[in-house]
Amino acid sequence: MAEISPESVPSDLYLTTDEVRAMFLDFFMRKGYAHHPNVGVIPENDPTLLFINSGMAPMKPFFTGEATPPTDQLTNVQDCIRTGDLDDVGDSYHGTSFHMMGSWQFGDRFNKEQAIEYAYELITDGFGLDPDYLLASVLNDEAKEQGIPKDEEAAQAWAKLLPNERIIWLPPSDNLWGPPGTSGPSGPCTEVFFDRGSGFEEGYDNVALRKGRHIEIWNAGVFMTHHVAEDGTVTPLASKSVDGGAGLERIAMILQNAPSIHEIDKWLPAYDVIRTDNQDTRSARIVIDHIRTAEILARSGVIPGNKAGPYVLRTLLRRAMTTLVQTGIEQGRLLEYRDAICEQMDEVPGTVRTHNEVSTIFAKERDAFAKILQRSERLLAPIVARGETTGNELYKLHETHGIPVDILRETCNSNNIQFPEETFAAARSKHAEESSATK
Ligand code: SER
């Protein structure tokens with residue numbers, strides 16, 4: 001493939017985050033799509049999901065035929081929470097909360113070629129991005145045993161718009177999307193990537209795509225054709241639909257030439273407050289990301305705890321505070337940074353808590369964390385004196401005393417003790433299995 005290095009997008013393409021969102025909705029509404037509301041991040045009647053993780057998640061009943069959509073073409077911008085990529089947060093483009101700009105075609109409207117053409121039209125004519133820097137991925141033949149053939153139709157639609165070398169065939173792990181949660185609709189998808197240039201590379205993703213450089217900006221269509229049951233059984237859906245989702249913050253990042261999704265116009269003022277104290281870019285991104293997502297969860301009614309959604313909230317707050325402590329910042333700054341983030345935040349749909357109520361929740365977690373830090377020193381002292389440890393011993397300290405894994409890791413590193421990765425992971429899996437067996 002020819003080396004494409006835009007390095008930057010012309011500054012006259014700059015759009016604010018709010019302008020990107022408005023342009024997306026306006027585009028689809030002009031195409032005859034009806035606006036659907038952002039319903040917040042707590043799923044209603046869906047035990048398979050902790051949080052709304054995609055624009056389509058609240059619409060699952062429309063795909064399965066359990067409910068009828070208000071019209072057969074919908075568009076929306078949905079708040080989403082995804083914690084599967086937690087360890088990637090800190091790079092330029094991963095976040096645990098984001099806005100997905102979506103478009104849907106239900107039932108007879110299923111039209112792959114049109115979904116692809118619309119994505120291309122908005123990216124190039126609307127946002128003004130140069131088509132020479134676009135790549136598209138399509139599903140290869142590795143899902144054929146599940147009855148899902150390689151996606152020739154999507155590839156042919158792209159071939160009318162992009163040269164063949166920029167159409168990338170990827171396996172089901174990349175291009176068979178869904179279900180969101182443990183069961184539900186699923187199908188082959190085709191994703192659009194923008195090439196930011198070699199200066200943005202953060203490592204390899206696969207042969208054709210490199211992390212940080214080729215940014216997935218739009219899942220131009222999940223072509224929902226199958227239903228996956230809890231036991232993994234795949235059956236055809238009665239009615240086929242198209243689910244498209246574009247990342248608001250990622251598109252804003254590209255159009256603004258911002259170094260990361262945390263440094264777009266929407267978040268820069270809050271990011272700058274955190275970054276002023278925190279000289280490490282990765283840490284500043286983790287802190288802004290985790291506090292922002294924790295704020296959304298707390299406003300939506302989640303209380304920190306030890307299981308499921310509450311555990312996610314506690315983990316985010318503790319990881320944010322651990323990151324602060326590791327970079328020499330007092331964890332008490334949590335609330336100050338949270339205020340800076342709240343100043344920038346849009347209204348969170350489904351909010352059930354006031355600003356002060358969330359402050360009280362965060363302050364309690366901050367104080368509990370301070371006690372954990374004091375305890376950690378005492379509990380880790382024998383390990384430091386001994387100069388060695390086991391995965392079981394460390395996992396027990398994490399599980400029973402709440403000592404964050406990053407603190408355990410940091411203590412081992414700074415005392416030249418090998419962190420027992422394998423036995424720690426084994427102890428963690430054993431615990432996960434035991435807890436699911438007792439549910
Ligand atoms: N559901 C798909 C995704 O989340 C497309 O909207 O990528």
Side-chain angles (χ1 to χ4, degrees), residues 50 82-91 94 96 173 182 202-204 211 278 280 282-283 285-287 289-291 293-294 297 302-332 334 364-439:
L50 281 186
R82 272 190 200 175
T83 51
D85 297 327
L86 198 62
D87 291 333
D88 289 317
V89 176
D91 67 11
H94 282 98
T96 54
S173 52
T182 48
E202 294 172 309
Y204 282 90
K211 283 185 191 298
N278 196 323
D280 179 75
R282 185 177 167 79
S283 303
R285 291 172 181 171
I286 293 172
V287 170
D289 175 86
H290 288 11
I291 299 178
T293 304
L297 295 182
V302 182
I303 294 179
N306 292 331
K307 275 193 188 146
Y311 179 70
V312 173
L313 173 54
R314 174 161 285 160
T315 302
L316 289 167
L317 288 171
R318 287 193 179 168
R319 278 183 68 125
M321 290 187 280
T322 303
T323 307
L324 290 178
V325 170
Q326 283 176 327
T327 45
I329 301 169
E330 212 264 307
Q331 77 271 6
L334 175 79
K364 218 169 136 196
E365 284 299 298
R366 176 201 58 198
D367 297 344
F369 185 75
K371 289 202 183 108
I372 289 173
L373 282 186
Q374 283 164 4
R375 229 177 16 229
S376 310
E377 236 173 272
R378 185 171 45 81
L379 291 167
L380 288 166
I383 295 177
V384 172
R386 211 185 315 131
E388 60 179 18
T389 181
T390 64
N392 269 335
E393 183 179 33
L394 289 183
Y395 189 73
K396 202 161 162 224
L397 290 175
H398 170 63
E399 183 52 33
T400 318
H401 299 281
I403 304 181
V405 179
D406 291 338
I407 299 269
L408 296 173
R409 214 180 275 284
E410 168 81 11
T411 306
C412 286
N413 288 346
S414 55
N415 291 284
N416 290 325
I417 300 170
Q418 179 87 23
F419 186 88
E421 298 289 352
E422 274 178 31
T423 51
F424 186 85
R428 172 177 262 167
S429 318
K430 187 161 171 262
H431 175 81
E433 270 166 36
E434 285 166 2
S435 341
S436 64
T438 54
K439 263 186 198 161

Kindly give the heavy-atom pair with the smallest separation between [X] and [Y], and that separation in Å.
{"X": "T423", "Y": "G391", "answer": "OG1-N, 3.1 Å"}
{"X": "A294", "Y": "L317", "answer": "CB-CD2, 3.7 Å"}
{"X": "R282", "Y": "V89", "answer": "NH2-O, 3.4 Å"}
{"X": "I417", "Y": "E388", "answer": "CG2-CA, 3.8 Å"}
{"X": "C412", "Y": "L394", "answer": "SG-CD1, 4.1 Å"}
{"X": "L50", "Y": "G309", "answer": "CD2-N, 3.7 Å"}

Gap between atom [atom2] of [Y] and atom [atom1] of [X] - 0.5 Å precision:
{"X": "I403", "Y": "L408", "atom1": "CD1", "atom2": "CG", "result": "5.5 Å"}
{"X": "L380", "Y": "I407", "atom1": "CG", "atom2": "CD1", "result": "9.0 Å"}
{"X": "H290", "Y": "L324", "atom1": "NE2", "atom2": "CG", "result": "10.5 Å"}
{"X": "R319", "Y": "T83", "atom1": "CZ", "atom2": "OG1", "result": "10.5 Å"}
{"X": "N415", "Y": "I383", "atom1": "CG", "atom2": "CD1", "result": "10.0 Å"}
{"X": "M321", "Y": "I291", "atom1": "CE", "atom2": "CD1", "result": "9.0 Å"}

> Can you tell which of T293, T96, I286 makes a side-chain contact (heavy atoms from CB on, under 4.5 Å) with L86?
Replying inline: T96
> What pairs of residues pass the side chain to side chain donor-acceptor pair (under 3.5 Å) test when at least one of them lies in residues 364-387, not counting sequence neighbours?
Replying inline: R314-E365, R386-E393
> Quick one: does D280's side chain have a donor or acceptor within less than 3.5 Å of a partner on S283's backbone?
Replying inline: yes
>> If we ignore hydrogens and angles and just use 3.5 Å, is the side chain of Q326 paired with the main-chain N or O of D406 as donor and acceptor?
In response: yes
>> With side-chain contact (heavy atoms from CB on, under 4.5 Å) as the criterion, how do T323 and I329 come out once you've worked through the C-alpha distance, each side chain's angles and the decisive distance to 0.1 Å?
In response: CA-CA 8 Å; T323 307; I329 301 169; over 6 Å; no
Measure the shortest side-chain to side-chain distance between [X] and [Y] over non-hydrogen atoms and say whether it is less than 4.5 angstrom.
{"X": "L334", "Y": "F369", "value": "no"}
{"X": "L313", "Y": "I303", "value": "no"}
{"X": "K211", "Y": "D91", "value": "no"}

>> Taking atom CD as the centre, does Q418 end up with more than 12 heavy-atom neighbours from other residues, nucleotides or ligands that are less than 6.0 angstrom away?
In response: no
> Using the ring of each side chain (for Trp, its six-membered ring), is F424 parallel, tilted or perpendicular to Y395, with breaks at 30° and 60°?
Replying inline: perpendicular
